[in-house]
Amino acid sequence: MRVLLGSDHGGLRLKREIKQLLEEMGVSYEDAGCHGEESVDYPDYARPVAERVASGEFDFGILICGTGIGMSIAANKVKGVRCAVVSDEYSARMSREHNNANVLALGERVIGPDLARSIVRAWLSTDFAGGRHGRRVEKIRALEG
Ligand code: RB5
């Protein structure tokens with residue numbers, strides 16, 4: 001499993017926490033930035049992560065900003081991306097099982113590091129259920145034209 005991470009300045013500290021978690025889990029990852037505390041624009045980091053997941057280069061993306069909202073809005077503009085902004089473990093599991101989300105967005109200013117860790121663990125360890133959910137995800141794909 002290969003995961004691509006991205007954040008703006010508002011998600012930098014939580015991204016460091018998630019990198020540590022991925023190392024503990026033995027999950028291979030790359031950090032697509034940002035790398036410093038200076039203020040940056042979240043779409044500049046959402047876009048490459050979303051495109052590299054959509055192309056198949058990475059299995060999953062995790063995007064972190066202050067709320068997760070800007071990152072999710074931007075990532076969902078990229079064809080083939082299903083990005084879910086999540087702040088609880090149940091939604092994390094459902095976004096994989098029912099929606100086949102391939103990008104997870106988190107808000108550093110919304111959730112604490114321990115909850116973020118549980119969310120990422122749940123998200124990465126839940127498979128898509130397929131079946132009737134597959135039909136629904138296909139209908140989402142059809143919206144992309
Ligand atoms: C940056 O201040 C903030 O707007 C950004 O991190 C994010 O929360 C946007 O959705």
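Order of listing sets the numbers, starting from 1, for every ligand and every atom in it. In this chain, numbering begins with 1 at the start of the sequence shown.
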Side-chain donor-acceptor pairs of residues 20-27 under 3.5 Å, sequence neighbours excluded:
from, atom 1, to, atom 2, distance (Å)
Glu23, OE2, Tyr29, OH, 2.3
Glu24, OE1, Arg117, NH1, 2.9
Glu24, OE2, Arg117, NH2, 3.1

Test item: protein heavy atom less than 4.0 Å from atom 4 (O) of ligand 1: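 No, because not a single protein heavy atom sits under 4.0 Å from atom 4 (O) of ligand 1.
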
Closest approach of any protein heavy atom to [atom], naming residue and atom:
atom: atom 9 (C) of ligand 1; value: Tyr42 CE2, 3.5 Å
atom: atom 7 (C) of ligand 1; value: Cys65 SG, 3.4 Å
atom: atom 10 (O) of ligand 1; value: Gly70 N, 2.8 Å

Nearest heavy-atom neighbours spanning Met71 and Ala46: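 Result for this residue pair: SD-CB, 3.7 Å.
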
Provide the number and element of each atom of ligand 1 under 4.0 Å from a heavy atom of [X].
X: Arg109; value: 1 (C), 2 (O), 3 (C)
X: His9; value: 1 (C), 2 (O)
X: Asp8; value: 1 (C), 5 (C), 6 (O)

Could you tell me whether the side chain of [X] and the main chain of [Y] form a donor-acceptor pair under 3.5 Å?
X: Arg96; Y: Thr126; value: yes
X: Glu89; Y: Ala122; value: no
X: Glu108; Y: Leu14; value: yes

Salt bridge (charged side-chain N to carboxylate O under 4.0 Å, His left out) against Asp31, all qualifying residues, sequence neighbours excluded: Lys15, Lys19

Check: Arg2 and Glu30 side chains under 4.5 Å, non-hydrogen atoms: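 The answer is yes; the side chains approach within 4.5 Å.
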
Report yes if some N/O of [X] lies less than 3.5 Å from some N/O of ligand 1; otherwise report no.
X: Thr67; value: yes
X: Gly66; value: yes
X: Gly68; value: no

